[in-house]
Peer 1: 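Could you have a look at this structure, given as structure tokens, before my questions?
The first residue of the sequence shown is numbered 1, and numbering continues consecutively from there. Counting convention: from 1, in listed order, for ligands and their atoms alike.
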Amino acid sequence: MAEEPVAGILLEGLKRVEYRGYDSAGMATISDGSLAVRKGVGRVSEIERARRLSELPGNIGMAHTRWATHGGVTDENAHPHASCGGLVAVIHNGIIENYIPLKKGLSSRGHRFRSETDTEVVAHLIEDEYKRTRDPLRATLATTKRLKGQYALAVLFQDRPDVMVGARKDAPLIVGVGQEKMFLASDVLAFIEHTDRTIFLDNFEVAEITKDRVRIVGPGGREVKRKPTQVAWELSDVSKSDFAHYTLKEINEQPRTVLSASVQEPGKVEEFARAIRKAKSVYITASGTSYHAGLLMKFRLNKEAKVRADTVVAGELKEHKGFLGKGSVVVVFSQSGETADVMDAVKEAKKRGARVYSVVNAAGSTLARESDGVLLLNCGPEVGVAATKSFTAQVVVANMVVDAVLGKKRSNGFKELSEAVTEALKCDEQVRDLAEKYKHRTDFYFVARGYESAVAMEGALKLKELSYIHAEGMPASELKHGTLALIERGTPVVLLNPSGELQADSLSNAEELRARGADVIGVSDAKADVYKHFIRVPKVQQKFTPIVEAIPLQLLAYHMSVARRNDPDYPRNLAKSVTVK
Ligand code: F6R
């Protein structure tokens, strides 16, 4: 909402959040008393070409990129959704779990639906309330009381071109406070070009914004006063600079980000360590790549610090609560701090009286705000869909905590680590050639022993996510228990095998693989004849090996995706922030 036409600003905002992954997009504005909605399937630039979103008139509007959950990827299912009376338009992130009974009730009262989405019911419900109250904020608040599930909502009212309303529960929603301009967005990046002053809404709060005023009420309708805070991330941090893709840029930032991750507020790491040492039970939870960082932390806690810690993927924590209760500590890893599975796990932990200590990149995120203790990754915004620099930053922070648990005064060696990462990045060209050679393979395997097993899983996840090739990561010792049956002539198997006590056993596994025709790609500081290809990574302290090994694996996934981009099934849509369960 601004003094000038907003469609151009909204289109820019859409492009900034494009990285999150989506399948369709749309925009709605109000001008001269009428509400206009344009939307479609595909990339923002394609939709703009076909529908001319940027030509929508008006000084108030909203835009959305959708990642389908309920209803296929169609123009009708794209957001915004207008009510059948045309009085209200809504965009929504999340899932309305009780939309079926709500839809039945609305239909029986004569509402007509145009889409298959769960979201559309919200527009109709608000319309009913608005007709009664003529108060945008009250109508939205009353409606949210009937919703089950998760939502971040923005609502426009056709006869109120001065007002927009937002509401949230378990999905991020942030107010951007500009000069004669006000924003509601799920991600600061959407408006950072216009303002870095933000207000983070809490669960169940509803906000009404005009171009120069914000009014927030809590679930009981009582007004909440909250001052804007400044977000630290510079706009320059979110440009691609000279790199072809954000992912490549972020991979190359790692010599710097492993250093920035190591700079933590005095006393904070020790506070984490004390909590872990004193805890009755320790759980480590996270999703995807962040979970792999959690596995690495658990390994060292168990083996070196003799602290028992259980790792459970966040979406499953509820099913593993045997030892979760008062006196437990739950360590949570999350880049975004907004992952729905993660927030669910946190809710469960808190319900059972556990304390939550998180390692998070987004300082203002829900996770950061709801934790008892927070360590920041300090690696700047991660725009690429795949987690890269956040993973290595997580490994840095996890190691600092374990070192503190071990009673080490201060972790060191970060300067050498940063140099080693620079060295590891030199394999770029070699990895690009490998990607070219193996781009038509349908299956990849990643194996390792001990500490490195989690890195093997991470390598497989990265490749699946970026190149859409089937990949599996596992401990090398597991191969003989079934997976060897799938190894045939030319099957690429990446073996992470740093020199040390497990090296010989891993080399035996490599021999078994070669005997079955596999092309073994060794990633190590020490070469061996059994490797068909060898990617040298520098020798580093054992606790840091996952960081230097992650570099070629990230580059492999990246180059494989570039090499395969002409395949007919490419690109597909992935979500960066998985804010649905
Ligand atoms: C993998 C990836 C995902 C995320 C996962 C958790 O490259 O990006 O697996 O790691 O969705 O996300 P955060 O860390 O934001 O909780």
Side-chain angles (χ1 to χ4, degrees), residues 17 19-21 67 93 170-172 186-189 245-248 250-251 254 257 261 284-297 311-317 330-347 356 358-371 374-395 397-398 446 454-469 471 473 546 550-551 553-558 560-561 572-581:
V17 294
Y19 76 90
R20 289 179 144 223
W67 187 69
N93 285 348
D170 294 340
S186 59
D187 189 324
V188 175
L189 293 182
H245 300 97
Y246 283 112
T247 301
L248 187 59
E250 287 162 6
I251 292 172
Q254 292 175 102
T257 52
I284 301 176
T285 193
S287 304
T289 290
S290 298
Y291 178 69
H292 299 148
L295 287 175
L296 292 168
M297 182 175 185
T311 35
V312 185
V313 289
E316 292 286 320
L317 189 80
V330 179
V331 178
V332 187
F333 286 86
S334 176
Q335 187 284 127
S336 62
E338 301 292 354
T339 303
D341 284 335
V342 170
M343 291 319 300
D344 232 35
V346 167
K347 205 189 270 176
V356 173
S358 61
V359 180
V360 62
N361 195 30
S365 59
T366 313
L367 176 61
R369 285 179 293 127
E370 294 194 0
S371 300
V374 180
L375 290 174
L376 294 175
L377 295 178
N378 298 323
C379 63
E382 188 172 69
V383 174
V385 159
T388 53
K389 61 178 179 174
S390 64
F391 173 69
T392 48
Q394 285 168 337
V395 180
V397 177
F446 294 78
V455 190
M457 287 156 73
E458 173 57 10
L461 178 64
K462 221 66 331 159
L463 191 69
K464 283 189 275 203
E465 191 182 28
L466 285 180
S467 71
Y468 316 134
I469 295 173
I551 304 289
L553 304 189
Q554 294 168 352
L555 286 169
L556 180 68
Y558 168 75
M560 201 69 100
S561 83
R572 287 189 217 151
N573 298 296
L574 286 162
K576 170 82 181 155
S577 277
V578 187
T579 49
V580 287
K581 278 198 248 173

Peer 1: Heavy-atom contact under 4.0 Å between L367 and ligand 1?
Peer 2: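 L367: no contact with ligand 1 (<4.0 Å).
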
Peer 1: Atoms of ligand 1 less than 4.0 Å from K462 heavy atoms?
Peer 2: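 Those atoms are 1 (C), 7 (O).
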
Peer 1: Is A387 in polar range of ligand 1, meaning some N or O pair under 3.5 Å apart?
Peer 2: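 Yes, since at least one N or O of A387 sits under 3.5 Å from an N or O of ligand 1.
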
Peer 1: Among P546, S290, C379, find the residue that satisfies the side-chain contact (heavy atoms from CB on, under 4.5 Å) test when tested with Q394.
Peer 2: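 Testing Q394 for a side-chain contact (heavy atoms from CB on, under 4.5 Å) against P546, S290, C379 leaves exactly one candidate, S290.
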
Peer 1: Determine the sole option in V330, T339, D341, V332 for which the side-chain contact (heavy atoms from CB on, under 4.5 Å) test with V346 is passed.
Peer 2: V332

Peer 1: Have a look at ligand 1 and work out which part of E338, if any, has a heavy atom under 4.0 Å from it: side chain, backbone, both or neither.
Peer 2: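 E338 to ligand 1: no contact under 4.0 Å from either part.
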
Peer 1: Grab the two heavy atoms, one from L377 and one from S390, that are nearest each other, plus how far apart they are.
Peer 2: CD1-O, 3.9 Å

Peer 1: At their closest point, which heavy atom of Q335 faces which heavy atom of E382, and how far apart are they?
Peer 2: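 Heavy-atom minimum between the residues: CG-OE1, 3.4 Å.
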
Peer 1: Can you name the nearest heavy-atom pair linking V360 to A368, along with the distance?
Peer 2: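 In terms of heavy atoms, the two residues are closest at CG1-CB, 3.9 Å.
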
Peer 1: With heavy atoms of S336 as the reference, note each atom of ligand 1 found under 4.0 Å away.
Peer 2: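 The atoms of ligand 1 under 4.0 Å from a heavy atom of S336 are 13 (P), 15 (O), 16 (O).
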
Peer 1: Could you tell me whether the side chains of Q554 and T388 share a donor-acceptor contact shorter than 3.5 Å?
Peer 2: no

Peer 1: Taking heavy atoms and a distance under 4.0 Å, where does T289 meet ligand 1: side chain, backbone, both or neither?
Peer 2: both

Peer 1: Minimum heavy-atom separation for A314 and T285, please, with both atom names.
Peer 2: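 Heavy-atom minimum between the residues: CA-OG1, 3.1 Å.
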
Peer 1: Report, in ascending order of atom number, the atoms of ligand 1 lying under 4.0 Å from any heavy atom of E465.
Peer 2: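 Counting atoms of ligand 1 from 1, those under 4.0 Å from E465 are 1 (C), 2 (C), 7 (O), 8 (O).
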
Peer 1: Select the closest option to atom 6 (C) of ligand 1 among A286, S287, A557, G288, judged by heavy-atom distance.
Peer 2: S287

Peer 1: Could you tell me which atoms of ligand 1, counted from 1 in the order shown, lie closer than 4.0 angstrom to a heavy atom of A386?
Peer 2: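 So the atoms of ligand 1 that pass are 7 (O).
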
Peer 1: Between E338 and S365, is there a donor-acceptor pair closer than 3.5 Å when you use the side chain of the first and the backbone of the second?
Peer 2: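 Absent.
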
Peer 1: Could you tell me which atoms of ligand 1, counted from 1 in the order shown, lie closer than 4.0 angstrom to a heavy atom of V385?
Peer 2: 8 (O)

Peer 1: Quick check: does Q394 get an N/O under 3.5 Å from an N/O on ligand 1?
Peer 2: no

